Amino acid sequence: MVNLIYMKKDNLKILFIGAGNIASQHLKTLDSLIDLKNCWISSRTSHKSKQLANLYSINHVEKNYYDFIKQNKKCIDGIFILVSMDQIFITSKKILKYKIPLFIEKPPGLDIKQLQELNFLSKKYKTSNLIGYNRRYYSVIQKVKKKLGSENIISAHIEAHERYWILKNKVKKKSYLQKWIYANTSHVINLLMFFLGNPKSVKTFSNNKFNIKNLRINTSAIIEFNKKIYVTFKSNWDVVGGWYIKIFSNKNTYLFSPLEQCVVTNKKFKSTKIIPENYDKVYKAGFYSQAVFFLNLIKKGNYYNDLKNILSTYKLIKKIFKK
């Protein structure tokens, strides 16, 4: 586990692309880990860049991130791509060739073809990357993962419901709703694979419509993993529900609902709550350990391709939803 107290800040020079709310969350976390004054920030909205730069004592605001990278690629230790959903893929695609370690916010692509292209470019240029599926880095999730290492997982049940009656009014670009299983539902499927690895087979039952006017998702699936571990999966888009994971082992039952919390019940029917680390209380859950992981990637200099991992997540999505 990562200690909350970081004795000395790193002097890594990071370029931040994007200045929205998610950028603010990352900067709040990174402010405790690196000296931000020698970093750079760039976005399409210059006044937002300047606001965040002033808030976190970043000395350098750049108007055009792409020109800046071309002229200063040898000086940049790492890049955070924190742009809007529709810009993440194209921005990542343009930058991967510069071989600078990338942190790419999710979703890195809005369909499997985009992920395949980014994965190809990462391998071609040997550009290390980490994708912002921060739930993998929840201290609660990490603790359960460690406990399960000494237990035999029997089965699991996953629910990934989306509230369409809210989404259709909240999501500004209606075309995003067609991609929502990649943009949002991918979180819980990525966590499933974090616990169990890649699946062996999927049998799915769906009544889905992916058009804009009548977007209806009603999917059930049985997913087989190694060691004959079977997972039941359910996703409805018009029910009062959310994300839910239940893992059954030979010793305990683990219930994540919501995903930031876990209650463990043993065979004596005693239930206890797993306590998160302090850093997941101070910062957005998962962001601290995720940031430490990425900064260590930069310092070690070894090639790491998280896009390959996320591509596996997208492949499972395609099988479950026949999409």
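What's counted below: heavy atoms across the whole structure, side chains too, no hydrogens, waters or symmetry copies. Just so it is clear, the structure is predicted and the values come from calculations on it, not from any experiment.
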Query raised in the report: Does I112 belong to the same Ile/Leu/Val/Met/Phe/Trp/Tyr cluster as I189, with side-chain heavy atoms less than 4.5 Å apart forming each link?
Result: yes
Query raised in the report: In terms of hydrophobic clustering (I, L, V, M, F, W, Y; side-chain heavy atoms under 4.5 Å; direct or indirect links), are I222 and M193 co-clustered?
Result: no
Query raised in the report: Should S49 and S43 be marked as a side chain to side chain donor-acceptor pair (under 3.5 Å) after you check the CA-CA gap, both sets of side-chain angles, and the distance that decides it?
Result: CA-CA 6 Å; S49 295; S43 74; 2.6 Å; yes
Query raised in the report: Any side-chain heavy atom of L295 within less than 4.5 Å of one from L30?
Result: yes
Query raised in the report: Going hydrophobic residue to hydrophobic residue with side-chain gaps under 4.5 angstrom, can you get from I320 over to F194?
Result: yes
Report task. Indicate yes or no: at least one non-hydrogen side-chain atom of Y230 is less than 4.5 angstrom from one of H157. Result -> no
Query raised in the report: About how many Å separate CD1 of I41 and CD1 of I17, when rounded to the nearest 0.5 Å?
Result: 10.5 Å
Query - Criterion side chain to side chain contact (heavy atoms under 4.5 Å, CB included) on E162 and T185, from CA distance to verdict - result: CA-CA 8 Å; E162 299 283 1; T185 312; 2.8 Å; yes
Report task. Ignoring hydrogens and angles, tell me if any N or O in the side chain of S128 forms a donor-acceptor pair with the backbone of P101 under 3.5 Å. Result -> no
Requested in this report: Of all the heavy-atom pairs spanning L115 and P108, show the shortest one and how long it is.
Outcome: CD2-CG, 3.8 Å
Report task. Give a yes or no on whether the ring-centroid distance for F195 and F225 is below 6.0 angstrom. Result -> no
Query raised in the report: Are more than 12 heavy atoms from other residues, nucleotides or ligands located less than 6.0 Å from atom NZ of K145?
Result: yes
**Report entry** Side-chain heavy-atom pair F248, I229 within 4.5 angstrom cut-off
**Finding:** no
**Report entry** Gap between atom CG of N278 and atom OH of Y283 - 0.5 Å precision
**Finding:** 11.0 Å
Query raised in the report: Is a donor on one side and an acceptor on the other found under 3.5 Å between the side chain of T253 and the backbone of V264?
Result: no
Query raised in the report: So, does S289 use its side chain to make a donor-acceptor pair with the main chain of G286 at under 3.5 Å?
Result: no
Query raised in the report: Within a radius of less than 6.0 Å around NZ of K308, do more than 12 heavy atoms belonging to other residues, nucleotides or ligands occur?
Result: no
Report summary line: Interatomic distance, CD@E105 vs CD1@I88, rounded to 0.5 Å, equals 6.5 Å
**Report entry** Q51 side chain to Y56 side chain, donor-acceptor N/O pair below 3.5 angstrom
**Finding:** no
Query - Stepwise salt bridge (charged side-chain N to carboxylate O under 4.0 Å, His left out) check, D306 with R136 - result: CA-CA 12 Å; D306 200 25; R136 296 175 289 176; 2.9 Å; yes
Query raised in the report: Can you say whether the rings of W40 and H60 are parallel (under 30°), tilted (30 to 60°) or perpendicular (over 60°)?
Result: tilted
Query - Side-chain donor or acceptor of N236 paired with backbone N/O of V239 under 3.5 Å - result: no
Query raised in the report: Under 3.5 Å, is there a donor-acceptor pair linking the side chains of E159 and S235?
Result: no
Query raised in the report: Is the ring centre of W243 less than 6.0 Å from the ring centre of H161?
Result: no
Query raised in the report: Between K322 and T204, what is the shortest heavy-atom contact and its length?
Result: CE-CG2, 3.3 Å
Requested in this report: Please report the closest heavy-atom contact between V202 and A221, naming both atoms and the distance.
Outcome: CG1-CB, 4.4 Å
Requested in this report: Indicate yes or no for a side-chain donor-acceptor contact from T29 to the backbone of Q25 under 3.5 Å, with no hydrogens or angles considered.
Outcome: yes
Query raised in the report: Pairs in or reaching into residues 262-275: which pass side-chain hydrogen bond (donor to acceptor under 3.5 Å, both in side chains), with residues at least two apart or in two chains?
Result: T265-S271
Query raised in the report: Side-chain contact, heavy-atom cut-off 4.5 Å: Y244 with L259?
Result: no
Query raised in the report: Looking at F68, F103, F80, which hits ring pair (Phe, Tyr, Trp, His ring centres under 6.0 Å) with F16?
Result: F80
Query raised in the report: In terms of hydrophobic clustering (I, L, V, M, F, W, Y; side-chain heavy atoms under 4.5 Å; direct or indirect links), are Y164 and I217 co-clustered?
Result: yes
Report task. Using atom types as modelled and distance alone, determine if a side-chain donor or acceptor of N59 lies under 3.5 Å from a backbone N or O of N38. Result -> no
Query raised in the report: If you take all heavy atoms of L52 and G20, which pair is closest and at what distance?
Result: CD1-O, 4.3 Å
Query raised in the report: NZ/K123 to CG/L118 distance, rounded to the nearest 0.5 angstrom?
Result: 12.0 Å
Query raised in the report: What residues, two or more places apart in sequence or in another chain, satisfy side-chain hydrogen bond (donor to acceptor under 3.5 Å, both in side chains) together with Y66?
Result: K97, Y98
Query raised in the report: Counting only N and O atoms by type, is there a donor-acceptor contact under 3.5 Å from the side chain of D31 to the main-chain atoms of L27?
Result: no
Requested in this report: Answer yes if the ring centres of Y304 and F293 are under 6.0 angstrom apart, and no otherwise.
Outcome: yes
Query raised in the report: After noting the C-alpha distance and the side-chain angles of K299 and D10, does the key distance pass the salt bridge (charged side-chain N to carboxylate O under 4.0 Å, His left out) rule?
Result: CA-CA 10 Å; K299 289 184 284 186; D10 278 315; 3.0 Å; yes
Requested in this report: Only one of N129, L15, L102 passes side chain to side chain contact (heavy atoms under 4.5 Å, CB included) with I81; say which it is.
Outcome: L102
Query raised in the report: Counting only N and O atoms by type, is there a donor-acceptor contact under 3.5 Å from the side chain of N184 to the main-chain atoms of W180?
Result: no
Query raised in the report: Between V231 and I158, is any pair of side-chain heavy atoms under 4.5 Å apart?
Result: yes
Report summary line: Value for CZ (F120) from NZ (K124), rounded to nearest 0.5 Å, stands at 5.5 Å
Query raised in the report: Do K281 and P276 come within less than 4.5 Å of each other through their side chains, counting heavy atoms only?
Result: yes
Query - Minimum-distance pair of heavy atoms, taken over all atoms of K168 and L177 - result: CA-CD1, 4.1 Å
Query raised in the report: Are I90 and I69 linked, directly or through other ILVMFWY residues, by side chains that come within less than 4.5 angstrom of each other?
Result: no
Report task. Please say whether more than 12 non-hydrogen atoms of neighbouring residues, nucleotides or ligands are located less than 6.0 Å from NZ in K234. Result -> yes
Requested in this report: Under the salt bridge (charged side-chain N to carboxylate O under 4.0 Å, His left out) rule, what do K143 and E277 come out as? Steps first, then yes or no, please.
Outcome: CA-CA 10 Å; K143 289 178 180 182; E277 295 295 315; 2.9 Å; yes
Requested in this report: Decide yes or no for S139 and Y279: does some side-chain heavy atom of the first lie under 4.5 Å from some side-chain heavy atom of the second?
Outcome: yes
Report task. Determine whether the aromatic ring centres of Y314 and Y182 lie less than 6.0 Å apart. Result -> yes
Query raised in the report: Which atom pair, heavy atoms only, marks the closest approach of S249 to I154?
Result: C-CG1, 3.8 Å
Query raised in the report: So Y303 and S122, side chain to side chain donor-acceptor pair (under 3.5 Å) or not? Walk me through it.
Result: CA-CA 9 Å; Y303 175 57; S122 170; 2.9 Å; yes
Report task. Measure the shortest side-chain to side-chain distance between Y254 and E151 over non-hydrogen atoms and say whether it is less than 4.5 angstrom. Result -> yes
Query raised in the report: Could you state the interatomic distance from OG (S84) to CD1 (I22), rounded to the nearest 0.5 Å?
Result: 12.5 Å
Requested in this report: Check for a donor-acceptor pair, side chain of T45 on one end and backbone N or O of K48 on the other, with a separation under 3.5 Å.
Outcome: no
Query raised in the report: So, the side chain of Q142 versus the backbone of Y138: is there a donor-acceptor pair under 3.5 Å, distance only?
Result: no
Query raised in the report: Under the side chain to side chain contact (heavy atoms under 4.5 Å, CB included) criterion, do F89 and L110 qualify, and how do the steps go?
Result: CA-CA 8 Å; F89 165 72; L110 290 173; over 6 Å; no
